[in-house]
Number of protein chains: 2
Amino acid sequence: MATIYDVSVLAGVSLATVSRVMNNNTKVSEKTKQKVLSAMDQLGYRPNTIAQSLASNRSNSVGVLVSQLDGPYYGPMMTEIETALRAGNKHVIIAAGHSDESQEKDGVEFLMSRGCDALILDVEAVDDEYLIKLHQGDTPIVLINRYIEEISDACVYLDNDLGGYLATKHILSHGHKDIAYISGPKFKLDAQDRLHGHQRALTEFGVEFDEQLCFEGDFKEHSGCLAMEHLLSVKKTFTAVVCANDQMASGAIAVCLEKGMKIPQELSFVGYDNIPFPQYISPKLTTVNNPIHEMGKMAAFWVLKHVYNDPKAEVENTFTPQLIVRDSATKPSDNHNKQL
Amino acid sequence: MATIYDVSVLAGVSLATVSRVMNNNTKVSEKTKQKVLSAMDQLGYRPNTIAQSLASNRSNSVGVLVSQLDGPYYGPMMTEIETALRAGNKHVIIAAGHSDESQEKDGVEFLMSRGCDALILDVEAVDDEYLIKLHQGDTPIVLINRYIEEISDACVYLDNDLGGYLATKHILSHGHKDIAYISGPKFKLDAQDRLHGHQRALTEFGVEFDEQLCFEGDFKEHSGCLAMEHLLSVKKTFTAVVCANDQMASGAIAVCLEKGMKIPQELSFVGYDNIPFPQYISPKLTTVNNPIHEMGKMAAFWVLKHVYNDPKAEVENTFTPQLIVRDSATKPSDNHNKQL
DNA sequence: CTGTTAGCGCGTTCAA
DNA sequence: TTGAACGCGCTAACAG
């Protein structure tokens, strides 16, 4: 690999001059500039970013820490982050936290020691205090999917309480009174908020929250299956199921279909997230849109703006969920819950 | 941030000694080692990996280039790669190639200039020649999902021809004679191989491949919908549809269900990849398993073994697909294709 | 076993 | 406008 030195020799100029044309921040005469440029591509020169980082104390790379790399949720987010950052000529270094406190902290250390200029974090297990302290350090951080008042300007998040409210209100408006709920893991903030919104809607409509008809899943399809099995085993009537995400809704619906139940005639469903797949099942899932692409993009823009001073990056912090009405929820009918 | 120098002063030893205890490859007396160690955590010292990379010409990071970061395919692969590499204390730098030649080449440059010790590539648009040349360079590369004879030892791949064969054979064994095929993009090698395996099975059973009943999709759900609409518009009888992946199969099935067709009674389906979601639709999709997790892991192991000389990493290059029989394929019945 | 001394490839003063 | 020289934080000979 050719170095800046090789280029300088071939071009007949000094090291410093070569460095100058690379970063074109200082004036260089057009003539020498051309000499350098041609020397560069004669040698197929590519700057060594490691050395650049060491000398400039800037790595042009941003660390991204998410819970997991797969699934319909983080994939799109990562995509947007990578695209936006790449367009700004920045690198993305990733790490997975697996919703575990020590792994999340480990990931942060990992990324910081790699000299990231900033960190984009979607973390769930570490507490607010840790993040606030981190925020005070030298490396800027942005939080996705989490709101901490003290550092609110560095948070990009969705109003999950409102989302939960909207989903449940939709069900209530159809006249349902007996409503089951499949929750996400209760240690996760978004799961808590969605549940809270759900309960808020119930209260507003004067229907009581029934603890026995609430199941805590893990946001994955299979736990939706388990949830449904459980709910059906509770000898209680319910005409609708509100699910904290689409994946669990899909699992739950699959179980019902398997049992020969008619959806939504016998049982209505609402999901959350608006992931692509459930649009291809029957019935098409009514859900709440989660603008995860946008949030990923905004986190990247935040970094571009605040860390790299990109004037084009406009950032938006708060996102508002929207109900997407499709076919899985309707009015309660009389022949619901036949199996009871 | 404390440097190695600060540590050496506090511990009363030389820079080299500090470096030695960090990399513990040279003998250091237990006593000085303890002095250094305690100095380190007194200062909260963290090595600057950038400087380490520059000095040692090793970055401990491996670049991963995939087509896209989302979707049920790359997510799991990335997860395994990250997990395996992280366990070996290596970093992962990612880039997306978007199945576009210039973006893929760009991604490679991008990762190389970042000083990656090795590259794991899942590329589709660049030609073999480019990869062979890359393979001769200084940075080791591994190819996932692609077989190039000249560099076969650096390829981790699935026998897609066999997979296509198995899927179609399953359909043929049920007695189907009129079979439609929804292909992936024909410029992609895996799509080509799967189609080839399909045709091989047909030939073996003495049924002819019908070009009119073959539709080229893009491996995404929506193109499965388009494919089905198209196939139904061709005024030809067919009793089964073999799909080059599960996503397109899901889209196609959704269209049929929408039209009120009974699956598999009226039309049988086989997919490919065995992604999680279609297990939660009705009918459960019969498909071919694609061990994408394993392949990601193997690519990471390859790097661990050949680049970092990890003796524990055992690598396997070739993977064999397996048929997963579920509920979407059955015998052809007489009332198929009623709509014709 | 430990210290000295060169670099690694580049950015950035400071003079000229 | 350009060049010389130093330093970023660390590793890797080479001595001792």
Side-chain angles (χ1 to χ4, degrees), chain A residues 1-37 39-40 43-61 89 91 109 112-117 138-139 308, chain B residues 1-37 39-40 43-61 89 91 109 112-117 138-139 308:
Chain A
M1 211 56 161
T3 75
I4 196 176
Y5 175 78
D6 303 320
V7 176
S8 76
V9 171
L10 184 58
V13 298
S14 75
L15 292 174
T17 303
V18 177
S19 175
R20 290 190 183 104
V21 341
M22 287 182 50
N23 306 300
N24 62 26
N25 34 18
T26 323
K27 286 274 146 261
V28 179
S29 80
E30 191 58 31
K31 216 175 68 186
T32 52
K33 186 170 178 178
Q34 289 310 323
K35 279 195 301 188
V36 172
L37 254 24
M40 279 182 172
L43 294 169
Y45 172 75
R46 309 231 99 227
N48 179 323
T49 54
I50 303 275
Q52 286 180 315
S53 300
L54 186 60
S56 65
N57 197 27
R58 182 153 267 210
S59 66
N60 284 317
S61 66
N89 239 297
H91 304 246
E109 291 286 348
M112 302 230 325
S113 81
R114 198 73 186 80
C116 291
D117 296 332
D138 307 317
T139 309
Y308 299 114
Chain B
M1 209 57 160
T3 74
I4 196 176
Y5 176 79
D6 303 321
V7 176
S8 76
V9 171
L10 183 59
V13 297
S14 74
L15 291 176
T17 303
V18 177
S19 175
R20 290 189 183 103
V21 342
M22 288 182 48
N23 306 300
N24 63 25
N25 34 19
T26 323
K27 287 274 145 261
V28 179
S29 80
E30 191 58 32
K31 216 175 69 188
T32 52
K33 186 170 179 175
Q34 289 309 324
K35 278 195 301 189
V36 173
L37 255 22
M40 279 184 173
L43 295 170
Y45 171 76
R46 309 232 99 230
N48 179 323
T49 54
I50 303 275
Q52 286 179 314
S53 300
L54 186 59
S56 65
N57 196 28
R58 185 157 263 213
S59 65
N60 284 318
S61 66
N89 240 295
H91 305 246
E109 291 286 348
M112 302 231 324
S113 81
R114 197 75 186 79
C116 292
D117 297 332
D138 307 316
T139 310
Y308 299 114

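In what follows, every chain begins at residue 1, and chains take the letters A, B, ... in the order their sequences are listed. Keep in mind it's a predicted model, so treat the numbers as computed, not measured.
Partners of A/Glu109 according to the side chain to side chain contact (heavy atoms under 4.5 Å, CB included) rule, which considers only residues two or more places apart in sequence or in another chain, are B/Arg46. Residues that satisfy the side chain to side chain contact (heavy atoms under 4.5 Å, CB included) test with B/Asn57, not counting sequence neighbours, are absent from this structure. Among residues two or more places apart in sequence or in another chain, the side chain to side chain contact (heavy atoms under 4.5 Å, CB included) test is passed with A/Ala51 by A/Asn48, B/Leu54. For A/Arg58, there are no salt bridge (charged side-chain N to carboxylate O under 4.0 Å, His left out) partners at least two apart in sequence or on another chain. Residues meeting the side chain to side chain donor-acceptor pair (under 3.5 Å) test with A/Tyr308, sequence neighbours left out: A/Asp117. Partners of A/Thr26 by side chain to side chain contact (heavy atoms under 4.5 Å, CB included), not counting sequence neighbours, listed by chain and number: A/Arg20.
Of the inter-residue distances, the one linking A/Lys27 atom NZ with A/Lys33 atom NZ reads 7.5 Å to the nearest 0.5 angstrom. Atom CG of residue A/Asn60 and atom OG1 of residue A/Thr49 lie 8.5 Å apart, to the nearest 0.5 angstrom. The structure places CD of A/Gln52 at 8.5 Å from OG of A/Ser19, a figure rounded to the nearest 0.5 Å. Here CD1 of A/Ile50 is found 8.0 Å from SG of B/Cys116. Values are rounded to the nearest 0.5 Å.
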Nucleotide N/O of nucleotides 1-5 of chain C paired with protein N/O under 3.5 Å:
| from | atom 1 | to | atom 2 | distance (Å) |
| --- | --- | --- | --- | --- |
| C/dT2 | OP1 | B/Ser29 | OG | 2.9 |
| C/dT2 | OP1 | B/Thr32 | OG1 | 3.1 |
| C/dT2 | OP2 | B/Ser29 | N | 2.8 |
| C/dT2 | OP2 | B/Thr32 | OG1 | 3.1 |
| C/dG3 | OP2 | B/Ser14 | N | 3.1 |
| C/dG3 | OP2 | B/Ser14 | OG | 3.3 |
| C/dG3 | OP2 | B/Thr17 | OG1 | 2.6 |
| C/dG3 | N7 | B/Arg20 | NH1 | 3.2 |
| C/dG3 | N7 | B/Arg20 | NH2 | 3.4 |
| C/dG3 | O6 | B/Arg20 | NH2 | 2.3 |

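Sorted by first then second residue, the salt bridge (charged side-chain N to carboxylate O under 4.0 Å, His left out) pairs that include residues 9-18 of chain A, not counting sequence neighbours, number zero.
Comparing the end axes of the helix from C/dC1-D/dG16 to C/dA16-D/dT1, each fitted to five base pairs by superposing C1' atoms of four pairs onto the next four, gives an inter-axis angle of 40° (nearest 10 degrees).
Looking at residues 45-61 of chain B, you'll see B/Leu54, B/Ala55 sit with a heavy atom under 4.0 Å from some atom of DNA chain C.
A nucleotide of DNA chain D counts as in contact with chain A when one of its atoms lies under 4.0 Å from a heavy atom; the first and last such, 5' to 3', are D/dT1 to D/dG9.
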Please list, one pair per line, the donor and acceptor atoms closer than 3.5 Å that link side chains of residues 4-12 of chain A to other protein atoms, with sequence neighbours excluded.
| from | atom 1 | to | atom 2 | distance (Å) |
| --- | --- | --- | --- | --- |
| A/Asp6 | OD2 | A/Thr3 | N | 2.8 |
| A/Ser8 | OG | A/Tyr5 | O | 2.7 |

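The CD1-C1' distance, from A/Ile4 to C/dT12, rounds to 11 Å in whole Å. Atoms OH (A/Tyr5) and P (C/dG11) sit 17 Å apart, rounded to a whole Å.
More than 12 heavy atoms of other shown residues, nucleotides or ligands fall within 6.0 angstrom of atom CG in A/Asn25.
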